[in-house]
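Have a look at the structure below before the remarks.
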Amino acid sequence: MPELPEVHGYQQYINKTCLHHTIVEMDVRDDRLIKKPLKEFKEVLLGEQWTSTERIGKYLFIHVSTGKIVVVHFGMTGRPNYYHESIERPRFGHIEITFDNGYKIAFENKRKFGWWDITDSVETYRKEHKLNRDARELTFEQFLDVAAHRKTAIKNVLMDQSVTTGVGNWIADDVLYQARIHPLKKANTLTRTELKTIYDKLQHVIEVAIDLEAQYKKFPEYFLIHNRKGRDYCYHTGDELEKIKVGGRTTYVSPEWQKL
DNA sequence: AACGATGTTCAGAG
DNA sequence: ACTCTGAACATCGT
């Protein structure tokens, strides 16, 4: 599930549950989910506390009382689950932290595309991994700087984490649907007005999704996301939606509504 | 039971 | 040096 709005929600959840408790254990079922040895994670975490969090796009940074920072990425299927130790460990809770209050945080990851890492500096990490500032904080001028000259399909540009950090497949589709721009249009052929519309819709989609806590069923009717699960016609034209591939990802388009 | 999936990364081409 | 494409990654649900 996790694109920017979901990860924002996960951040709030972790802030409410996990901060300022002493960590007494860490368990990892599959080493492929951690980018540093478990020994190193334990050195950083055991006996310490999580003190605060930051988020850039889909990346969550957890500050540790040691001064180190745990980087969490949820992949395609990750989510946190805070529960009491008397409850059975979740089936997909492949990484788990135990606190001294008897609660655990499970990092559930069904498809194992998520991971944890350790870093010293959010800013250094951001640059090394070519992340732009979070899509929510990006100004229109900054968006133009990184997007307007790109020669590839606008959808690819929106999904590029060095452009609009935090945007994933469904947000990109919804933004372009609401902006009435065909996802295959080359970014450098779009007018400033069209790019402004895309920028405005991007902010709108993110804010609505965050307000509604990323619960898709509650999204307004005009959101394309309803077409990913069930609805198969365009809300505006009534036409059947096309399912195409853009940048290797499944993409929904309303042909009359978003002309190429 | 083959295919697709809300993610990133990386090799290779241009 | 930069940009773009496509495949690989793991594995579950349909």
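Computed from a predicted model, the values in this text were never measured in an experiment. The figures that follow rest on heavy atoms only: side chains count, while hydrogens, waters and symmetry mates do not. Lettering follows sequence order; numbering is per chain, from 1.
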* If the plane angle is over 60° it's perpendicular, under 30° parallel, otherwise tilted; pick one for A:Tyr125 and A:His129. => parallel
Closest to the side chain of A:Tyr59, out of B:dA5, B:dT9, C:dC12, is B:dT9
A:Lys151 atom NZ is separated from C:dT5 atom C1', nearest whole Å, by 15 Å
Heavy-atom nearest nucleotide on DNA chain C taken for A:Asp30 and for A:Gly247; more 5' hit belongs to A:Gly247
Q.
Students often get this wrong, so: under 4.0 angstrom with heavy atoms, is A:Lys245 touching a base, only sugar-phosphate, or nothing?
A. sugar-phosphate
Original post:
Ignoring hydrogens and geometry, is there a side-chain-to-backbone donor-acceptor pair from A:Glu3 to A:Trp170 under 3.5 Å?
Top reply: yes
Between NE2 of A:His149 and P of C:dA1 the distance, given in whole Å, is 17 Å
Return yes if some donor-acceptor pair links the side-chain N/O of A:His226 with the main-chain N/O of A:Arg231 below 3.5 Å, else return no. no
Show me the donor-acceptor pairs within less than 3.5 Å that the side chains of residues 55-64 of chain A make with the rest of the protein, sequence neighbours left out.
residue, atom, partner, partner atom, Å
A:Arg55, NH1, A:Gly57, O, 2.9
A:Arg55, NH1, A:Asp134, OD1, 2.6
A:Arg55, NH2, A:Asp134, OD2, 3.4
A:Lys58, NZ, A:Val167, O, 3.2
A:His63, NE2, A:Glu54, OE2, 2.6

*asked:* Would you measure the distance from the P atom in B:dT9 across to the matching atom in C:dC12 and give it in whole Å?
replied: 23 Å
Checklist entry - Is A:Ser65 reaching over with its side chain to a backbone N or O of A:Glu48, donor-acceptor style, under 3.5 angstrom? => result no
Atom CZ of A:Arg91 and atom P of C:dG13 are separated, to the nearest Å, by 5 Å
Review point. At under 4.0 Å between heavy atoms, what does A:Phe74 touch on the DNA or RNA strands: base, sugar-phosphate, or nothing?
Key: nothing
A:Asp174 (side chain) donor-acceptor with A:Ile225 (main chain) under 3.5 angstrom:
yes
Here the distance between atom C1' of B:dT6 and atom CZ of A:Phe113, to the nearest Å, is 12 Å
Keeping A:Glu40 on the side-chain end and A:Pro37 on the backbone end, is there a donor-acceptor pair under 3.5 Å? no
A:His129 side chain near B:dT9 phosphate (N/O to OP1/OP2, under 4.0 Å)
yes
Inset, instruction - In sequence, state the C-alpha distance, the side-chain angles, and the governing distance for A:Glu108 and A:Arg79, and then conclude on salt bridge (Lys or Arg N to Asp or Glu O under 4.0 Å). - result: CA-CA 5 Å; A:Glu108 295 188 40; A:Arg79 63 174 186 192; 3.4 Å; yes
**Asked** Taking the C1' atom of each, how far is B:dG4 from C:dA7, in whole Å?
**Response** 15 Å
Whole-Å distance, A:Arg32 CZ to C:dA8 P, equals 17 Å
Rounded to whole Å, CG of A:Asp31 lies from P of C:dC9 at a distance of 18 Å
Using a heavy-atom cut-off of under 4.0 Å over every strand shown, decide if A:Gly248 touches base, sugar-phosphate, or nothing.
nothing
Annotated structure of DNA chain B as dot-bracket, pair cut-off 3.5 Å, Watson-Crick or G-U only, | for inter-strand, is .||||.||||||||
Contacts of A:Arg249 and A:Ala153 projected onto DNA chain C by closest heavy atom; the upstream (5') one is A:Ala153
State whether A:Thr250 places a side-chain N or O below 4.0 Å from either non-bridging phosphate oxygen (OP1 or OP2) of B:dA5.
yes
Are OP1 or OP2 of C:dT11 and a side-chain N or O of A:Lys110 less than 4.0 angstrom apart?
no
Considering only heavy side-chain atoms of A:Asn169, the closest of B:dG7, C:dT5, B:dT8 is B:dG7
Just to confirm, is there a sub-4.0 Å distance from OP1 or OP2 of B:dG7 to any side-chain nitrogen or oxygen of A:Lys58? yes
Exercise. Counting only side-chain N and O atoms of A:Arg111, is one of them less than 4.0 Å from OP1 or OP2 of B:dA5?
Worked result: no
Separation of B:dT6 atom C1' from A:Leu4 atom CG, nearest Å, is 13 Å
Rounded to whole Å, the CG-P distance (A:Asp160 to C:dT3) equals 10 Å
